[in-house]
Amino acid sequence: MQVIEAGFSAKGKKFAIVVARFNSFIVESLLSGATDTLQRIGNVAEQDITVIRVPGAFELPLAVQRVAAGKKYDGIIALGAVIRGGTPHFEYVSGECTKGIAQVMMQHDIPVAFGVLTVDSIEQAIERAGTKAGNKGSEAAMSTLEMVNLLAKL
Ligand SMILES: Nc1c(NC[C@H](O)[C@H](O)[C@H](O)CO)[nH]c(=O)[nH]c1=O
Ligand SMILES: CC(=O)[C@@H](O)COP(=O)(O)O
């Protein structure tokens, strides 16, 4: 049996982090977790990390697509926080964001980690942005590191 898997060190690889500003109180913690993971676990140099900011999660797919099309990066991380309000708007924003990011990843054959919180409350968001439920930004960075290395083996 042959098992193909990859590690996390990605020295010399270039990463783009596309960040939605909406709910920035939460998203900035996701960004901190992602950059810390890229540098500390992935051995990625600070100058090899580019941060691109967009208004909200709905705009993430377009920016991610443009970044992917530019072929300047080995991996992409999309970060945001979609927090349910009092209307169905949550479903549309989170649904289109998720679908759009996944489409870009498949169309451009590049790892795009989904670090977008889709939660029912601010408390749930806080728990996933570096408190009792971990940091989804860090988790997204770990995924991108592994996938960049794995794809290089396939
Ligand atoms: N409610 C949230 C939004 N809404 C804004 C949209 O993402 C978009 O920017 C707007 O509809 C203009 O096109 N965005 C989030 O990231 N998180 C939310 O909770
Ligand atoms: C996810 C959203 O768009 C949400 O924050 C908007 O809140 P509301 O549904 O109360 O307008």
Side-chain angles (χ1 to χ4, degrees), residues 8 10 13-42 44-151:
F8 298 98
K13 302 290 187 182
K14 297 185 183 303
F15 295 85
I17 308 177
V18 187
V19 183
R21 273 192 220 92
F22 210 99
N23 293 318
S24 60
F25 167 74
I26 296 294
V27 182
E28 288 305 306
S29 293
L30 300 178
L31 177 59
S32 177
T35 55
D36 174 66
T37 297
L38 289 179
Q39 292 176 278
R40 193 162 48 86
I41 307 297
V44 179
E46 190 172 0
Q47 63 262 26
D48 288 335
I49 301 171
T50 302
V51 176
I52 298 115
R53 296 186 185 275
V54 299
F58 190 77
E59 285 76 32
L60 283 171
L62 180 56
V64 167
Q65 176 178 266
R66 184 63 65 87
V67 167
K71 299 192 183 299
K72 296 177 184 174
Y73 303 96
D74 299 287
I76 302 171
I77 300 165
L79 300 177
V82 187
I83 303 176
R84 191 182 297 275
T87 72
H89 199 231
F90 168 90
E91 308 298 341
Y92 299 102
V93 172
S94 55
E96 292 306 308
C97 173
T98 307
K99 186 170 58 179
I101 289 169
Q103 285 175 345
V104 171
M105 180 171 67
M106 297 308 292
Q107 179 184 351
H108 292 276
D109 191 38
I110 182 172
V112 181
F114 186 74
V116 181
L117 300 182
T118 54
V119 294
D120 290 322
S121 68
I122 291 174
E123 291 75 17
Q124 285 184 347
I126 292 170
E127 288 172 353
R128 289 153 181 80
T131 62
K132 64 189 232 182
N135 186 308
K136 296 302 180 186
S138 175
E139 291 177 23
M142 290 291 284
S143 168
T144 305
L145 288 169
E146 182 173 358
M147 287 305 293
V148 165
N149 289 327
L150 179 66
L151 294 185

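In listed order, ligands and their atoms are each counted from 1. We use all heavy atoms of the structure for the numbers below, so side chains are in, but hydrogens, waters and symmetry mates are not.
The side-chain heavy atoms of Thr50 and Val67, taken from C-beta on, include no pair separated by under 4.5 Å. Here the side chains of Val82 and Cys97 are not in contact, with every heavy-atom distance at 4.5 Å or above. Looking at heavy atoms from C-beta onward, Lys136 lies in side-chain contact with Leu30 at the 4.5 angstrom threshold. Two residues are said to be in side-chain contact when any heavy atoms from C-beta on lie closer than 4.5 Å; Thr37 and Leu145 meet this criterion. Residues His108 and Val64 fail the side-chain proximity criterion, which asks for heavy atoms closer than 4.5 Å. At a threshold of 4.5 Å between non-hydrogen side-chain atoms, the residues Val93 and Phe22 do not count as touching. Considering only heavy atoms from C-beta on, Met142 comes within 4.5 Å of Ile41 through its side chain.
Summary of contacts: the protein heavy atom closest to atom 8 (C) of ligand 1 is Glu59 OE1, 3.4 Å. Atom 6 (C) of ligand 1 has Phe58 CB, 3.8 Å as its closest protein atom, hydrogens excluded (heavy atom only).
Near Asn23, meaning under 4.0 Å from one of its heavy atoms, ligand 1 places the atoms 17 (N), 18 (C), 19 (O). Within ligand 1, counting atoms from 1 as listed, the ones closer than 4.0 Å to a heavy atom of Gly56 are 7 (O), 9 (O), 16 (O). Contact atoms of ligand 1 toward Ile83: 19 (O) (distance under 4.0 Å to a heavy atom of the residue).
At most 12 heavy atoms of other shown residues, nucleotides or ligands fall within 6.0 angstrom of atom CZ in Arg66. The environment of CD in Glu46 is sparse: at most 12 heavy-atom neighbours from other residues, nucleotides or ligands sit within 6.0 Å.
Counting only non-hydrogen atoms, the option in Phe90, Tyr92, Phe22 that gets closest to atom 15 (C) of ligand 1 is Phe22. Within the set Ala81, Ser94, Ala57, the minimum heavy-atom distance to atom 17 (N) of ligand 1 is found for Ala81.
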When you pair each N or O of ligand 2 with protein N or O atoms, which pairs come out under 3.5 Å?
unit_1: ligand 2; atom_1: 3 (O); unit_2: His89; atom_2: ND1; d: 2.4
unit_1: ligand 2; atom_1: 5 (O); unit_2: Ile83; atom_2: O; d: 3.1
unit_1: ligand 2; atom_1: 9 (O); unit_2: Gly86; atom_2: N; d: 3.3
unit_1: ligand 2; atom_1: 9 (O); unit_2: Thr87; atom_2: N; d: 2.9
unit_1: ligand 2; atom_1: 9 (O); unit_2: Thr87; atom_2: OG1; d: 2.5
unit_1: ligand 2; atom_1: 10 (O); unit_2: Gly86; atom_2: N; d: 2.8

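Of the N or O atoms in Ala20, none lie within a sub-3.5 Å distance of an N or O in ligand 1.
Put simply, the residue from Asp120, Ile122, Val119 that forms a side-chain contact (heavy atoms from CB on, under 4.5 Å) with Arg84 is Asp120.
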